[in-house]
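This is a predicted model, so every value here is computed, not measured.
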Amino acid sequence: MKKLIIAITSIALSVSTLTAQDNAGYNRIGLSYNNTHFGFDKFGDDLEIDGTSLNGIGIDYIHGFSLSRAIPIFLETGLNLNFNFGSENLESIREGNYWAKSNLSMQNINAQVPVNFVYRFNLANDLSIAPYLGLNFKLHFTEKIKTEITTNIPDRYLIQAGIDPEELEGEWTSLFDEDLMGGEKYTWNRFQMGWHIGVGFRYKPLYLGVQYGTDFISAYSYKDSSVNTGNLKISLAYSF
């Protein structure tokens with residue numbers, strides 16, 4: 001009987017140790033593809049598009065805190081640095097052999113702090129799937145736009161019409177600049193908060209994640225005009 005009790009105790013301790021190791025905290029570092037869609041709601045009378053999307057890359061760091069030794073549930077947080085770019089055609093005109101078109105270009109650099117609640121399902125020793133739900137806190141460093149006109153009309157014809165060809169290239173305008181935007185009430189928000197849902201797949205140290213969410217705080221809001229954002233993220237990372 002004594003030997004049986006010792007054997008059962010040893011097994012219990014081994015299982016407990018294994019569970020603790022499986023549910024230990026972790027770190028993850030990687031790169032991500034980001035797509036942020038800006039939806040324009042009554043934003044500008046002359047803006048003839050409903051929205052635009054920015055594509056970019058992110059550098060991501062995540063740390064997972066174990067919340068239970070017995071249950072594979074975790075709290076994740078970290079820091080993501082994102083660089084996003086995009087352009088959208090506003091209008092195209094063609095007269096005979098000549099054409100002109102205007103494009104809206106946009107640049108954005110931001111840092112994000114996610115807070116995720118994660119539950120991990122271990123499918124095998126080296127394979128797991130982890131759905132999660134979380135909040136996101138976003139701080140924009142740069143938010144710039146530029147309207148550019150391109151055309152095949154020769155410069156001499158433009159000059160004859162009183163148009164400086166260099167002015168067609170446009171200039172970058174910061175959406176946070178009160179002077180350029182016409183006052184504080186017309187500037188965009190540097191801070192946004194939102195939610196997201198996602199799932200991560202881990203095989204050995206490699207991690208692949210897919211996430212989508214929207215922001216509670218609009219990128220821009222004034223009276224009945226607003227710019228709302230939705231975010232898609234695909235991550236490839238190394239876990240350790």
Lys/Arg-Asp/Glu bridge criterion (N-O < 4.0 Å) met for R28, D60: no
Pairwise ring-ring contact (aromatic ring centres under 6.0 Å, His included) hits with a residue in residues 112-135, at least two apart: Y119-F121
Side-chain donor-acceptor pairs under 3.5 Å in residues 172-184, sequence neighbours left out?
residue: S174; atom: OG; partner: F176; partner atom: N; Å: 3.2
residue: D177; atom: OD1; partner: D179; partner atom: N; Å: 2.9
residue: D177; atom: OD1; partner: L180; partner atom: N; Å: 3.1

Give the intermediate values and the outcome of side chain to side chain donor-acceptor pair (under 3.5 Å) for residues N23 and S66. CA-CA 6 Å; N23 295 342; S66 176; 5.6 Å; no
Distance-only donor-acceptor pairs under 3.5 Å for side chains of residues 160-170, two or more places apart:
residue: D164; atom: OD1; partner: E166; partner atom: N; Å: 3.1

Listed once per pair and sorted, the salt bridge (charged side-chain N to carboxylate O under 4.0 Å, His left out) pairs that draw on residues 138-147, sequence neighbours left out: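 Salt bridge (charged side-chain N to carboxylate O under 4.0 Å, His left out) check on residues 138-147 returns K138-D215.
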If you measure only the distance, is there a donor-acceptor pair under 3.5 Å linking the side chains of [X] and [Y]?
X    : Y    : value
T229 : Q192 : yes
H140 : N108 : yes
N136 : Q112 : yes

Residues two or more places apart in sequence or in another chain: which of them pass side-chain hydrogen bond (donor to acceptor under 3.5 Å, both in side chains) with N189? none
Would you please test H196 and N116 for side chain to side chain donor-acceptor pair (under 3.5 Å) and show each step? CA-CA 9 Å; H196 53 251; N116 303 327; 2.6 Å; yes
What residues form a side chain to side chain contact (heavy atoms under 4.5 Å, CB included) with S87, not counting sequence neighbours? S105
Taking W99's backbone N and O only, do any of them form a donor-acceptor pair with N152's side chain (distance below 3.5 Å, no angle check)?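 Judged by distance alone, yes, a pair lies under 3.5 Å.
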Check whether the ring centres of Y61 and H63 lie less than 6.0 Å apart, and answer yes or no.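 No, too far apart.
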